[in-house]
Amino acid sequence: MKPGIPKGTRDFSSTEVAKRNYIFNTIRHSFENFGFQPIETPSFENSSTLMGKYGEEGDRLIFKILNSGDYLKKVDENLLADKDSQKVTSKISEKALRYDLTVPFARYVVQHQNEIIFPFKRYQIQPVWRADRPQKGRFREFYQCDADVVGSKSLWQEVEFVQLYDTVFSKLGLNDTTIKINNRKILSGIAEVIGASDKLIDFTVALDKLDKIGKDGVVKEMLEKGISAEAIEKVDPLFNFSGSNQDKLASLEDMLQGSEEGLQGVADLRTVVDNVESIGLASASLELDVTLARGLNYYTGAIYEVAAPEGVKMGSIGGGGRYDDLTGIFGLKDVSGVGISFGLDRIYLVMEELGLFEAVELPKPKVLFLNFDENESLDKIKAIKTLRQNNIKSEMYPDVASSNNQQKKQWKYATNREIEFVVTTVENGTLVVKNMSTGEQTTCSLDELINKVQ
RNA sequence: GUGAUUGUAGCUCAGCUGGUUAGAGCGCCGGAUUGUGGUUCCGGAGGUCGCCGGUUCGAACCCGGUCUUUCACCCCA
């Protein structure tokens, strides 16, 4: 049997794990610094919790878990004969793997509403699964790092999330990211003004592709979706939107005079943009992007998306927004939420491409004791015990060398693992230590070694 | 889901238009030399050429299917 793992999944070497942990820790630290507290939810949920929350496309991408037991026996024979996969699936699968962290969080909030202190600021760092076809920066198992606030409609939270994005990416050394921001109310307003409110989703999905397929492509897709040419004519300025965030807000305000909702969106965005400008960002830039729509249907207010630094070809490395009624589906009305997500795996790829992992300490020992003489082994192990008590990673080569070649193998082991210090002999409290990078060999006491290494 | 693309020793890859026992480098194992490594040399193990089927006297090489890789679309982190 040949070893292998399922499509779209990965093994991680210890070097990779160290780098990933570096990102995890940076994000976790910032989340807590901003006042968020952790929760975790199960890897799989009841299908009814997940299905129908991500649109038709989303349902298709949810990994379904087969019922245990003799699951076919309970299914009606006629249903099986019809070969309607969707209907049969709902009969033989009642659980599914987590598709994102937001919906399980909404479920959590409703289920634990009596224990939660609102406004509730939670963060969650866990893997999610999607039955997508893998490609660059896209996997079937990947980590999301989410921070959300529920129970507050304050725009200050939306300002804070821009700060949070900036903080994390700056700390990671991932400078010059672009935090794109938009507001669903503006999109609704535009649709209203042009008389295409009933086609809001089609309209936004098409508009979202502007930077990818250009004006002609977007117009073509809108026409195909049944949006009239006259309507498209009215939003023409959107296709050549430029200038500062303030310029954009001003021209949006003009365009949306007929829509109360649209004007509210402009006002909201202006509040966020003004305040972020006043507070300042460390390394990211905030860009108002009217074409930003994102596919998820549940966003109702602010929409965020983070683009990698220019020149790095990668989909968005973060996204989020406000959803006014996510918990409504589970029976808790009038709880507004807003949140953002970091895509760990894509951040990793971008950082790797930019060579930003130099500072990450790899999990390897600082001192290696060679094992050439059985009589010295015990003294070496005792010395190692002291080193470890001083927080110096150290180890002894496990097998005693019984030949020249085996000694050579131990040296090679030290070289390959890039271990800095090698101790060859320990005699009467005196150690012979070799600095592997300089080749310099010295004799010293254990205390002197500890000083040298620290 | 649509359209391409990839698959040969542990790793990176050769293998001419199908022709007898499929190769290299690195790595690994054993040994020699270097006082104690990153040098050099000798020897060795290791492959159902992704899998299944077809064409052919004969296939790693041609055809079909399937899985896998990578990429684009869709969608998204």
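It should be emphasised that the depicted structure is a prediction, and the values quoted were computed from it without experimental measurement. Chain letters run A, B, ... following the sequence lines, proteins first and then strands; every chain starts at 1.
Atoms NZ (A:Lys225) and P (B:rC74) sit 11 Å apart, rounded to a whole Å. The nearest whole Å value for the distance from the NZ atom in A:Lys313 to the C1' atom in B:rC71 is 8 Å. At whole-Å resolution of the value, CG in A:Asp202 and P in B:rC74 are 14 Å apart. Residue A:Lys212 contributes atom NZ, which lies 9 Å from atom C1' of B:rA72 at whole-angstrom precision. Atom CG in A:Asn416 sits roughly 7 Å away from atom P in B:rC28 (whole-Å rounding). Taking atom CD on A:Glu305 and atom P on B:rC76, their separation rounds to 10 Å, with Å as the unit.
Pairs engaging residues 3-12 of chain A under the side chain to side chain donor-acceptor pair (under 3.5 Å) rule: A:Arg10-A:Asp345 [sequence neighbours left out].
Closest to the side chain of A:Arg130, from the set B:rA77, B:rC75, B:rC74, is B:rA77.
Rounded to whole Å, the separation between the C1' atoms of B:rU66 and B:rG10 comes to 26 Å. If you take atom P in B:rC13 and the same atom in B:rG54, they sit 32 Å apart, rounded to whole Å. Taking atom P in both B:rC49 and B:rA9, the straight-line distance is 10 Å, to the nearest Å.
Between A:Phe342 and A:Phe169, the two ring planes are tilted [angle within 30° to 60°]. Using a 30° and 60° split on the angle between ring planes, A:Phe357 and A:Tyr348 fall in the tilted class, from 30° to 60°.
Cation-pi check for A:Arg130 over A:Phe63 is not met; the charged atom does not lie both under 6.0 angstrom from the ring centroid and within 45 degrees of its normal.
With hydrogens and angles ignored, a donor-acceptor pair closer than 3.5 Å exists between the side chain of A:Arg346 and the base of B:rC76. Between the side chain of A:Thr415 and the base of B:rG37, at least one donor-acceptor pair of N or O atoms lies under 3.5 Å. Contact of A:Arg138 with B:rC75 (side chain to base): a donor-acceptor pair of N or O atoms is detected under 3.5 Å.
The ring of A:Phe36 has its center no closer than 6.0 angstrom to the ring center of A:Tyr123.
Taking the nucleotide of RNA chain B with the nearest heavy atom to each of A:Leu61 and A:Gln406, the more 5' of the two is matched to A:Gln406. Of the two residues near RNA chain B, A:Gly8 and A:Ser341, the one whose nearest nucleotide lies more 5' is A:Gly8.
Residue-level contact check: A:Gln144 touches the backbone only, with heavy atoms under 4.0 Å from sugar-phosphate atoms and none from bases. When heavy atoms are screened at a 4.0 angstrom cut-off, A:Gly58 is found touching no nucleic acid atom at all.
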Under 3.5 Å, which N/O atoms of the protein pair with N/O atoms of nucleotides 33-36 of chain B?
unit_1, atom_1, unit_2, atom_2, d
B:rU36, O4', A:Trp411, NE1, 3.4
B:rU36, O2', A:Lys434, NZ, 3.3
B:rU36, O2, A:Gln441, OE1, 3.0
B:rU36, N3, A:Gln441, OE1, 2.9
B:rU36, N3, A:Gln441, NE2, 3.1
B:rU36, O4, A:Gln441, NE2, 2.9

Interface polar pairs with nucleotides 3-6 of chain B, N/O, under 3.5 angstrom:
unit_1, atom_1, unit_2, atom_2, d
B:rG3, O6, A:Arg133, NH2, 3.2

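Between the side chain of A:Asn46 and the main chain of A:Thr49, no donor-acceptor pair closer than 3.5 Å is present.
The base-pairing partner of B:rA24, taking Watson-Crick or G-U wobble contacts with both distances under 3.5 Å, is B:rU12.
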